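Report on the following structure.
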Amino acid sequence: MQPYAHPSDHIQLHDLLFVPLFSEAKVRERVRELGATLSQQYHNKTPLFISILSGAFVFASDLMRDFDGNCEVGFVKLSSYTGTQSSGRVQTVMGLEKDLKDRHLIVVEDIVDTGRTLHFFLDHLRSQGPASICTVTFLRKPEALAFPVQVDHAGFDIENRFVVGYGLDYEGLGRNLPGVYQLIE
Ligand code: 5GP
C-alpha cells in the first residue's frame with residue numbers, strides 16, 4: 001500500500017496513522033547546526049563518519065554535507081528492531097571494512113531508544129583503538145533509555161512514541177518523508 005495524505009496532515013503507512021512532529025524546515029535547520037558544531041570540533045582533523053544503517057543514512061548524508069572540512073564515511077548495519085518494538089537482540093549484519101586505529105570516529109545514529117544498539121556498537125568500536133569517538137543521534141527518547149550510552153550530540157529529544165520519516169521506517173515505509181511523523185496511539 002502506498003503512503004497517502006489524509007484530508008488533514010496525517011500520514012498512513014500500512015495499518016498505522018502518523019501526525020507531523022518536525023517539519024522538513026525544522027529538521028534541516030537543526031542538522032545544519034549539528035554540522036556547524038562538528039566542523040568546529042574537528043577543525044583540521046579528518047574524521048570518519050560511521051553511519052548506522054539503515055535508518056541513519058538520510059541524516060548522515062545531510063550531516064556530512066553540512067560538515068565543513070575533509071571527512072570520510074563508512075557504513076555498518078546493525079539491527080534490533082522488528083515492527084514497532086525492539087526485539088531485544090543486537091546483531092551485526094554488515095561490518096565496517098576500514099581500519100579504525102587512530103581515527104577520529106563520528107558515530108551517526110538515527111534514534112537512540114533504549115540505547116542498546118549504540119551501547120553494543122561503542123564497545124565494539126573501542127576495541128579497535130580509535131583516536132576518539134563522538135556520537136551523534138538525530139533523535140533521542142530519554143524516557144526509554146535503559147543502557148548507559150554516551151550521546152555527545154542529539155538533534156531532538158522526543159517522547160517515548162514511535163516515529164517515522166527522515167530515514168526512519170515502519171515496516172519498510174516512511175524513510176523518504178522529509179519531516180518526522182509520530183504514531184497516533
Ligand atoms: P535502541 O537500540 O536504542 O533501543 O534502538 C535503536 C534503533 O531502534 C534505532 O536505530 C532504530 O532503528 C530503531 N528505533 C527505535 N525507536 C524507533 C522509532 O520510534 N521509530 C523507528 N522507525 N525506529 C526506531
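Both counts, for ligands and for their atoms, begin at 1 and track the order of listing. Source: prediction; values computed, not measured.
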Please confirm whether [X] approaches ligand 1 to less than 4.0 Å, judged on its heavy atoms.
X	value
Phe162	yes
Asp110	yes
Gly115	yes

Taking 4.0 angstrom as the limit and counting only heavy atoms of [X], give me the atoms of ligand 1 inside it, by number and element.
X	result
Arg161	19 (O)
Arg116	1 (P), 2 (O), 3 (O)
Leu168	21 (C), 22 (N), 23 (N)

Query raised in the report: According to the interplanar angle, ranging from 0 to 90°, do the rings of Phe138 and Tyr166 count as parallel (below 30°), tilted (30 to 60°) or perpendicular (above 60°)?
Result: tilted
Report summary line: What one should report as the nearest heavy-atom pair of Asn160 and Glu143 is CB-OE1, 3.6 Å
**Report entry** Closest non-hydrogen atom pair between Arg175 and Val58, with its separation
**Finding:** O-CG2, 4.2 Å
Report task. Could you check if a side-chain atom of Val151 sits within less than 4.5 angstrom of a side-chain atom of Leu145, using non-hydrogen atoms only? Result -> no
Query - Pair Arg30 + Glu33, salt bridge at N-O below 4.0 Å - result: yes
Query raised in the report: Hey, looking at atom 4 (O) of ligand 1, which of Val163, Asn160, Thr114 has the closest heavy atom?
Result: Thr114
Report summary line: Min over Thr137, Asp169, Leu53, Val164 of heavy-atom distance to atom 22 (N) of ligand 1 lands on Asp169
Report task. First locate atom CG of Leu38, then atom SG of Cys134, and finally report the distance between them rounded to the nearest 0.5 Å. Result -> 5.5 Å
Query raised in the report: Where does Glu109 meet ligand 1, judged by heavy-atom distances below 4.0 Å: at the side chain, the backbone, both, or neither?
Result: side chain
Query raised in the report: With Lys98, which residues qualify under side-chain hydrogen bond (donor to acceptor under 3.5 Å, both in side chains), at least two apart?
Result: Glu72
